[in-house]
Amino acid sequence: MSMLELTDVTRSVVLPDDRTLHILRGVTLSVDAGEHVSVVGRSGTGKSTLLNILGLLDSPSSGDYLLEGVPVQRLSNRARTRRRGRDFGFVFQQFNLLPERTALENVAAPLLYATGRQFWRRRSIAAQMLDRVGLGDRLDARPERLSGGEQQRIAIARALVRRPRVILADEPTGALDVETGSEVMDLLDEVAAETGAALVTITHDLAVAARAQRHYRLADGVLVGIHLATGAEGADWVGDVPTHRAATHTHLAASVPAASAPIAAVPAATAPIPSDAVRTPGTGPATELGA
Amino acid sequence: MTGLVGAIVEAWDELRIHKLRVLLSLVGVAVAVMAITGVTAAVQMLQQGYAEQADRGGGRQVTLQLNAWSQTAPGLGATAPDMGDEYARVLERYSITYASRDQWTTIAVRMPAGTEPVQMRAVDPDLATLYRIRTVSGRWFTDADSEAFAPQLVVNQTMLAELGVTDVASHPTVLLGTDTPVRATVIGVVPDDWTDVPPTAFLLYDQMTRWGLAGPDSAGQVPTLSLWVPADQVDGLKTAIRRDLSASLPGYQLDLYDNRDMYQSGLDDATKWIGIGVGTFALLLGGLGLVNISLVTVRHRIREIGIRRSFGATSARVFFGVLMESVVATVVAGFVGVALAVAILKAIPVDALFGGYGLQDVPPFPLSAALIGMAAATAVGALAGLIPAEVAVRVKVIDAIRY
């Protein structure tokens, strides 16, 4: 049983002029515990909407979403909110730290909504988490006085402080320079691996996406599994996978260079797919698809 | 439990971080609470002042006054029956602790300017308790003074001045009577009841009778007996005392009055409610200011609210959290307001307000006033927090995060 499982999920909204905007079209995706999945796509293609639906911040217009086998549609608002707090950790592009709170207060904030030991010992737990992300000496620092990398570290500590089962990262390196972004991703990968949490990364940066075990491309609301290859020039799109379950490239993450590749390298979903580049899972080692 | 504590912690953190905003928004509330609490407490203090003033005029609540009138018109010089034993029996039978005989008489006093008739009041020591009589210097009578060798006087300030004495500590004496004068010692001074009051004095009833000092104007009169009785037993005691004394005073008409109708607070309920009404109005204005600032604050915090929702903050928790911010803030403001009210009322010169008498039983700062102030502050906080809390709950999480 998958941790998260979307089947034919759509999301559409009615615009003020009564036209319907289809943001997601028949998205099918499953994420297992401990897995790292990435979704790339241009701005406005529905990446964040997908992440919001996965994180129970939004609801699909149609389709099924099973959270550990439980249809989320059956959960009450309260139950969804509680599961969101307990099972999901969010890392945002703009960090979204609480202003005028110290690093410690920011990281401890999610624990205000926890119960029992986590609630009563929130400050010490938060301090430990900050120590884990290398900010043990900046507990009382206010985020506005920290660098972007440090702020994102705080955001990661905050996302992980309740030991979530899924980490949803929305452009986690989007506001960082390449080197800092790489460090942050190293950290995110490490702590996610330590806690056994699934990590879903949304990014337009192919180098960041290539760190994942499975990769997807979202274009015009359609989710397509893709193969990413990396080399000295950086990560690059190789081809689409015609199933929702993209091929795994666990070894690629280790070989991603610091330089990031722009999403412009990824062709639109409507572009013809080179048949020779497409591999379905199990048809051959991923390295064969590399540059 | 953790939800409630968490909401309070969250609210307190918010207030702590936005101290200046909170301070500015709560000045009005604190002042209004101070007004409500202060007015409530001041009204109670003034009521106590008026009550004590009424006590000085007509005795404590409830004082019975027993007067006996001869139905045979004995005329001047007649001897009134000695009611000492009869009165004592009544007091003992009905366990009445405080009582005093009371009779006005005119006694000639040798003043430095010549002999002068002075109105004197022959009483028992308990009269000071019954009528809240306080000396401004020297002392009042004690039970032991009845056995003193020489009569003692407690004079008013005018009489002391006419005697040419400035201090009773020197044990000044004065001659009473004309044919066989008796030397009396002035032991205390009471304040003048009003300006240009003639010289008056108190002396003990037992000493007046022992030394035969009663003037001809009180001859044949039975002293009034004042009794301080419990309010819930007044009617029963009146019947019983009248019945008991009728047998002891044949030929006398007994009149028994109580002072329940005499007490009228100078500060009636209407005045009190006007004071509270003005304070409440001020509090509502303060609350409106709080609503405005809270609404603006919530607008500024939409993103933060969205982030908190992503942490798992339920709608109820967000609503309660914003509401609690308002309530915690106004409770703090209420506490400050109550503290200010206490400080101001403690600084008020009570003696000056009550014409030199001051308050004998200064009421402690009324707990009810503090509770009213705190309750009003809490209620305003809750009301002022409702609209911002509702706004906060309506925020869509996704929009809020991107706000």
Side-chain angles (χ1 to χ4, degrees), chain A residues 11 13 23 48-53 55-59 76-102 104-123 142 155 158-159 161-162 164 168 170, chain B residues 1-24 296-325 328-329 389-390 392-403:
Chain A
R11 181 71 175 103
V13 293
I23 304 170
S48 295
T49 302
L50 174 61
L51 204 72
N52 290 335
I53 288 174
L56 304 178
L57 291 170
D58 198 1
S59 299
S76 65
N77 276 339
R78 190 179 178 81
R80 286 158 64 98
T81 305
R82 289 200 181 283
R83 289 213 67 165
R84 180 166 68 231
R86 194 185 64 201
D87 294 337
F88 292 92
F90 293 86
V91 179
F92 302 99
Q93 177 180 359
Q94 294 301 330
F95 323 131
N96 280 354
L97 298 176
L98 300 177
E100 299 180 70
R101 266 81 167 182
T102 63
L104 185 69
E105 288 168 341
N106 261 283
V107 177
L111 297 172
L112 278 172
Y113 308 100
T115 55
R117 179 185 168 278
Q118 278 199 330
F119 175 84
W120 295 110
R121 299 195 59 200
R122 58 189 179 279
R123 289 182 73 85
R142 293 184 186 280
R158 188 179 65 182
V161 75
R162 286 187 74 178
L168 302 173
D170 188 357
Chain B
M1 175 65 181
T2 51
L4 177 68
V5 176
I8 293 173
V9 168
E10 211 176 310
W12 178 251
D13 279 349
E14 187 61 30
L15 299 178
R16 181 175 55 82
I17 286 164
H18 301 293
K19 287 187 224 51
L20 183 63
R21 170 184 69 78
V22 171
L23 191 68
L24 290 175
V296 172
T297 306
V298 163
R299 293 275 176 208
H300 278 288
R301 290 177 55 207
I302 282 180
R303 189 174 196 179
E304 181 191 325
I305 290 168
I307 296 166
R308 288 187 182 279
R309 295 295 292 270
S310 77
F311 295 159
T314 59
S315 300
R317 178 65 179 272
V318 170
F319 184 90
F320 191 60
V322 174
L323 191 68
M324 281 304 292
E325 278 173 32
V328 169
E390 185 62 28
V393 167
R394 287 178 187 275
V395 169
K396 290 185 74 175
V397 184
I398 302 165
D399 297 337
I401 290 173
R402 291 177 178 172
Y403 192 75

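Per chain, numbering begins at 1; letters A, B, ... match sequence-line order. Fair warning: this is a prediction, and the values are worked out from it, not measured in the lab.
A donor-acceptor contact shorter than 3.5 Å is absent between the side chain of A/R84 and the backbone of B/G312. With hydrogens and angles disregarded, no donor-acceptor distance shorter than 3.5 Å links the side chain of B/R308 to the backbone of A/Y113.
A donor-acceptor contact closer than 3.5 angstrom is absent between the side chains of A/T81 and B/R317. B/R309 and B/S315 share a side-chain donor-acceptor pair at under 3.5 Å.
Of all heavy-atom pairs spanning A/F90 and A/A159, the tightest one is O-CB, 3.4 Å. In plain terms, the two heavy atoms of B/L323 and B/A389 that are nearest each other are N-CB, 4.1 Å.
Comparing A/D87, A/L57, A/T115 by how many heavy-atom pairs each has under 4.5 Å with chain B, the most go to A/L57. Among A/N52, A/L111, A/T49, A/N77, the residue making the largest number of heavy-atom pairs under 4.5 Å with chain B is A/N52. Put simply, of B/A316, B/S310, B/G6, the one with the most heavy-atom pairs under 4.5 Å next to chain A is B/S310. The most heavy-atom pairs under 4.5 Å with chain A, out of B/D13, B/V397, B/T314, come from B/T314. The candidate from A/R86, A/R82, A/R83, A/R101 with the greatest count of non-hydrogen atom pairs under 4.5 Å with chain B is A/R101.
Contact of A/R80 with chain B is not made at all, since no heavy-atom distance falls under 4.5 Å. Heavy atoms of A/R162 lying under 4.5 Å from chain B belong exclusively to its side chain. In this structure, chain B has a heavy atom under 4.5 Å from the backbone of A/A114, while its side chain stays farther away. When heavy atoms are compared at a cutoff of 4.5 Å, A/L112 approaches chain B by way of both its backbone and its side chain.
A/F119 carries A/R122 over the face of its six-membered ring, with the cationic atom under 6.0 Å from the centre and within 45° of the normal.
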